[in-house]
Number of protein chains: 2
Amino acid sequence: MTRTGSPAPTLVEVARLAGVSRATASRAVRGGERVSPEARAAVEAAVREIGYRPNQAARSLVTRRTDSIAVVIPESDSTLFTDPFFATVLHGVTTALSSTDLQIVLLVGQPGERAARMVNYLRAGHADGAIVVSHHRMDNVVEALAESAVPAVLIGRPWDASLPLTWVDVDNAGGGRLAAEHLLARGARRPATVAGPADMAAGRDRLAGWAEVVAAAGLATDAVEHTDWTADAAAAATGRLLDDHPDVDGLFVASDLMAEAAMEVLRGRGIAVPDRVRVVGFDDMGLAARTRPPLTTVVNPAPAMSRRAVEMLLAQLEGTGGTESVQFPTALVVRGSS
Amino acid sequence: MTRTGSPAPTLVEVARLAGVSRATASRAVRGGERVSPEARAAVEAAVREIGYRPNQAARSLVTRRTDSIAVVIPESDSTLFTDPFFATVLHGVTTALSSTDLQIVLLVGQPGERAARMVNYLRAGHADGAIVVSHHRMDNVVEALAESAVPAVLIGRPWDASLPLTWVDVDNAGGGRLAAEHLLARGARRPATVAGPADMAAGRDRLAGWAEVVAAAGLATDAVEHTDWTADAAAAATGRLLDDHPDVDGLFVASDLMAEAAMEVLRGRGIAVPDRVRVVGFDDMGLAARTRPPLTTVVNPAPAMSRRAVEMLLAQLEGTGGTESVQFPTALVVRGSS
DNA sequence: TTGTAAGCGTTATCAG
DNA sequence: CTGATAACGCTTACAA
């Protein structure tokens, strides 16, 4: 650890200097319970004098805790920084943990190469627990986590629902239904959707909810394009949709970031929003209110989900439950785009 | 660590099951040097059978290494996610470390409340070393780090140059000079600047370089507004600048994110860029090419700096140097805004 | 309130 | 190549 030649001071040196036993020194260092004022003062002075810091490895070898929890984001760093979903979640987790003594440690990296390393990190006991957040990709991080005993809560339901993992998520299918109902109510007769990836729960479920309502209304559900969550891919998908179905008059896009790109394409083609095509997004994290026109969207309650995930993880760490997954209801915010 | 009642398997159980000593088991687990094929096979089988994972705390208690390095970003999460500087640096650090076995751990949090926790985390030996990146704020994280013996490299020179810390940085003053020279060469006679915070090295130095050239040309250097690095503050500062000095014809803004906001204000006032006011930014990380008009800007070689910082840290960890700070030269990229 | 002593799970040294 | 054995630095019953 140290560059300097001299080894880091240990508790025995503190104890010797303070004239107490190692046990007493230990209690005092932790602001302990049963220490006399004199002993505490002596220890504190000794600590200051020699610059003592407890060795975390030694400590957690016996306590079996590290006082840190990991936030795992199995995405590439570019995704992490472009999609506001992650910023919102991270902010929520941070504030929810601010009252505790837990240090937050962020593990970022695409699934694949670094995934094994991340899981090893967790299984080795580097963190007391983990919050895993992603746009629900079915990845090996989640699988590996499932067969480890590391306390964990997922933000975003895993693809494989049978995995013994606790999660929080928004009602994606319900959101898709809300979007479709709204578009139909506004008079759309030829609805289309730019859906998320077909191999992610969020993509699949948002699409399924939308399709359910559209089909129930006796309308076609064939105007569908799957993409990843990026703006570029969404723009391309929107282009294909318009080429194949020129009569589209209502568009549900699986995220606001993607919806903004879709509206850009519409504008580029001279198609008026909402006059000729009505658009509904998903997320409502600030961006939706800033687009032109402002975006009607399905609320993704990421702050509340993050808070809840933290509560559940803390409960797991204390052994007081926190193992029941929860799905948050959603709502539609109507703005100028529809 | 574990939720399950059964304690995690240890090396002694592996050894017993494999019919070897604890020492041999340990060597085999690490793909060790002097182990017979049979012993290795037996150990590997035992590991698989009981799902053994080495206990990191025990391991690093003796090796004094954790095989992880921390990237410390003492900024609020909103800053982290809005300014492309951090995304770029993180990407650079990640790729530079991808060939090693080191796990990257991200510590994010505003200086102040969580700063002590971050430094404690490092000093406790949770990570083998740290890369600290920020827009150079003078903060207690850096100070605390300076008096610890944790190997560290700063990306961005610390405010207090006397601190015994290693850093990499761009030649901020040189960048400011480049910007000013360019503006003057294009005919600006009333240059102004939206500068970064006065209490950060990057803010101070970019301003100083600009002022040096402007003064040398015999022009006034009084059109200066300090702001933090946010777009909102930059917009406000630009407004004040225009109010106070309506004859401004050249504007150097301390970051591209801020320059974009400044151009927005100019456009809102019907002031043509570059025809009436020429604008130069700082960073050139993708954003500059996407603004309208595209932004002339000073290159901030964040990818190269990140790579270098990683190399230096690795050298420090191996005790082979890496303690000499380095300043990167910069360059101007001319685009439509000037 | 304090001290004694027994671990926590690994790695490393050093004979065999 | 293998196996005792001694650390590593700290916490925590348990006794005093």
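As the structure is a prediction and not an experimental result, all values here were calculated from the model. Chain letters run A, B, ... following the sequence lines, proteins first, then strands; residues in each count from 1.
You'll find the side chain of Val72(A) reaches within 4.5 Å of the side chain of Leu122(A), heavy atoms only. Annotation: side chain of Val153(B) is not in contact with side chain of Val132(B) (no heavy-atom distance under 4.5 Å).
At the heavy-atom level, Ala57(A) lies nowhere under 4.0 Å from the strands shown.
A straight line from CG of Leu61(B) to P of dT11(D) spans 12 Å, rounded to a whole angstrom. Atom-to-atom, CZ of Arg64(B) to C1' of dC10(D) comes out at 12 Å; the value is rounded to the nearest Å.
Helix-axis bend for the helix from dT1(C)-dA16(D) to dG16(C)-dC1(D): the local axis fitted to the five terminal pairs at one end deviates from that at the other end by 30°, rounded to 10°.
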What does the list of N/O pairs under 3.5 Å between the protein and nucleotides 12-16 of chain D look like, with a distance for each?
unit_1, atom_1, unit_2, atom_2, d
dT12(D), OP2, Arg30(A), NH1, 2.9

Please tabulate, one pair per line, all N/O donor-acceptor pairs under 3.5 Å involving side-chain atoms of residues 55-62 of chain B, not counting sequence neighbours.
unit_1, atom_1, unit_2, atom_2, d
Asn55(B), OD1, Ala57(B), N, 2.7
Asn55(B), OD1, Ala58(B), N, 2.9
Ser60(B), OG, Gln56(B), O, 3.1

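Remark: the backbone N or O of Trp167(A) is paired with a side-chain donor or acceptor of Ser325(A) at under 3.5 angstrom. A donor-acceptor contact shorter than 3.5 Å links the side chain of Thr94(B) to the backbone of Leu90(B).
Within residues 9-18 of chain A, no residue approaches DNA chain C, by heavy-atom distance under 4.0 Å.
Note that CZ of Phe81(A) and CZ of Phe86(A) are 11.5 Å apart. Values are rounded to the nearest 0.5 Å.
Using cut-offs of 30° and 60° on the angle between ring planes, the pair Tyr121(A) and His126(A) is parallel.
On the nucleic acid side, DNA chain C has its first and last nucleotide under 4.0 Å of a heavy atom of chain B at dG9(C) to dT13(C), going 5' to 3'.
Shortest non-hydrogen contact noted between Ile104(B) and Leu107(A) is O-CD1, 3.9 Å.
Among residues two or more places apart in sequence or in another chain, the side chain to side chain contact (heavy atoms under 4.5 Å, CB included) test is passed with Arg308(A) by Val168(A), Glu311(A), Met312(A), Val326(A), Phe328(A).
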